[in-house]
Structures are given as structure tokens and as C-alpha cells.
Amino acid sequence: MDMADKFPTAEVTGTDLSPIQPDWVPSNCKFEVDDAMSPWTFKNDYFDYIHSRNISSGVSDWDHYIGEIKRCVSPGGYVEICEEAIAFFCDDGTMKPDNPAKIYIDQLRASMIKMGRPPPDLKFLKNLLEKAGFENVKAMQVKEPVGPWPKDPRLKTIGAMVLLHGDSAFESYGMALFTRILGMDAKAAKHLCDEGLRAVRNKNYHMYSCFYRVYGRKPVESNKREA
């Protein structure tokens, strides 16, 4: 929606597995219910820019995913993929190994690995684009505070937004994976989610995650070489 507002002459299409988007959207923006793991219904070279964010838990075949992205982006167009690390880090020792938030995120990561969808790191995402034939691939990562503990005003605001998201994310992400993949009973899974959320609300724990961003350009001559 922000892209549609910023570029009013562009046509912006968003897809998701569920119709969770707001009812009001800019006139040049639309949302469709679709599965990125199925064959895409868009024509070849359809988009000038494709943005993907936090989809790794739903990707069972990265080669299919990046292949469809490359097919659907126009020669000279860009693709950008952003993912969370699915891990908590700490630089000052305030997060101990038995911290409930660390236990939660480690179990979340373990469940994704067990189901054959390990969280990608920056190197994997960069190699994914390069292997697919994108050029001028750039990769970067930034720290994303979990909670408003940083002194820097901008990082404090980011941390507060992450914490606000966590109010619903801890349970919505954890319950299904912990019960269906790791075999926990519902009570134990709920306790793990609640204790993890309680820990990230404690500003004495200076935890952060990492946010990965990679982007690249489809060669202008791509179609001629593939023909």
C-alpha cells in the first residue's frame, strides 16, 4: 500500500495465502489470494519490481520460488527479498542461555528445520539470486531490537514496533509449530509462548534479531539468452 501511494501511476499487486489485508486500499493497489508454491498465474516479464518479505516458513522449494520470480519480472527489473533471522542475539550478556525468549525462538527455529524449511541466512539469499542469474546482487543486514531498550531514538522506536508485533506473533507462530511439529501438548506450548513474550517485554534483556535484505536485477538480455 505504501508503494502504491508513493507511485500513483504504478499498478501494485500483493498476494497472500489468506485475505487478511484491510478493506481500504489505494485505487492502484489490489490483493489476491494465492500460493507462492504453486505455479504463478502472472505472465512472463509482467512486473518491473517484485518484493518478498518474511515468507521463508512457507517456502518448501526455493528453486521454484526464485524461478517464478525471475520468469515474472521484466528484463532490467528488480527483485528484493527480505527475511528475519529467526534467532535472538545479545552483545552485552543480558540474554542468558535459559532466557525464555531465547528458548522460544530456538524451538521455533528447530521446528522449521524439522519440517524441512530451515530459516535462510544472508549468504543463502545472496547465493539464491546469483545462482538464478540476477546481476548486481547486493546483500545487507541490520540489527532489529526486540523491545524499546536501545538508547538511540530510532532503534527504540523500531524495538517498540517489534514488541507490538510480538503481542500476537509469539502465539500465532509458536502454537502450531510446537504442537504439530515438535509434539508438545497445547498447555506446554502456550506456556512457552507466554514466557517468551514476557521476557521480550523486560527492557533489562538487550536482545535483537537480524533483518536480511538482498536485491538484484534481471539482465536486460535475459530473454535472448534463454531463448
Test of understanding: with salt bridge (charged side-chain N to carboxylate O under 4.0 Å, His left out), list the residues that count as partners of [X], not counting sequence neighbours.
X: R117; result: none
X: D106; result: K102
X: R180; result: none
X: E32; result: K30

For P26, side-chain contact (heavy atoms from CB on, under 4.5 Å) partners two or more places apart: M1, A4, D5, W24, N28, C29
Which residues pass the side-chain contact (heavy atoms from CB on, under 4.5 Å) test with D63, not counting sequence neighbours?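 Applying side-chain contact (heavy atoms from CB on, under 4.5 Å) to D63 gives D61, K131.
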Under a side-chain separation threshold of 4.5 Å, the hydrophobic residues clustered together with M161 are none
In the hydrophobic cluster built from side-chain contacts under 4.5 Å, what are the other members alongside L129?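 Under the 4.5 Å side-chain rule, L129 groups with M37, W40, F42, Y46, F47, I50, I55, V59, W62, Y65, I66, I69, V73, V79, I81, L122, F124, L125, L128, F134, V137, Y212, V214.
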Please, which pairs that meet ring-ring contact (aromatic ring centres under 6.0 Å, His included) have at least one residue in residues 71-93, sequence neighbours excluded? F89-Y208
Once ring-ring contact (aromatic ring centres under 6.0 Å, His included) is applied, what residue pairs with a partner in residues 182-205 remain, sequence neighbours excluded? none
Got a list of side-chain donor-acceptor pairs under 3.5 Å for residues 138-148, not counting sequence neighbours?
from: K143; atom 1: NZ; to: D91; atom 2: OD2; distance (Å): 2.6

In residues 6-21, what donor-acceptor pairs under 3.5 Å come from side-chain atoms, sequence neighbours left out?
none

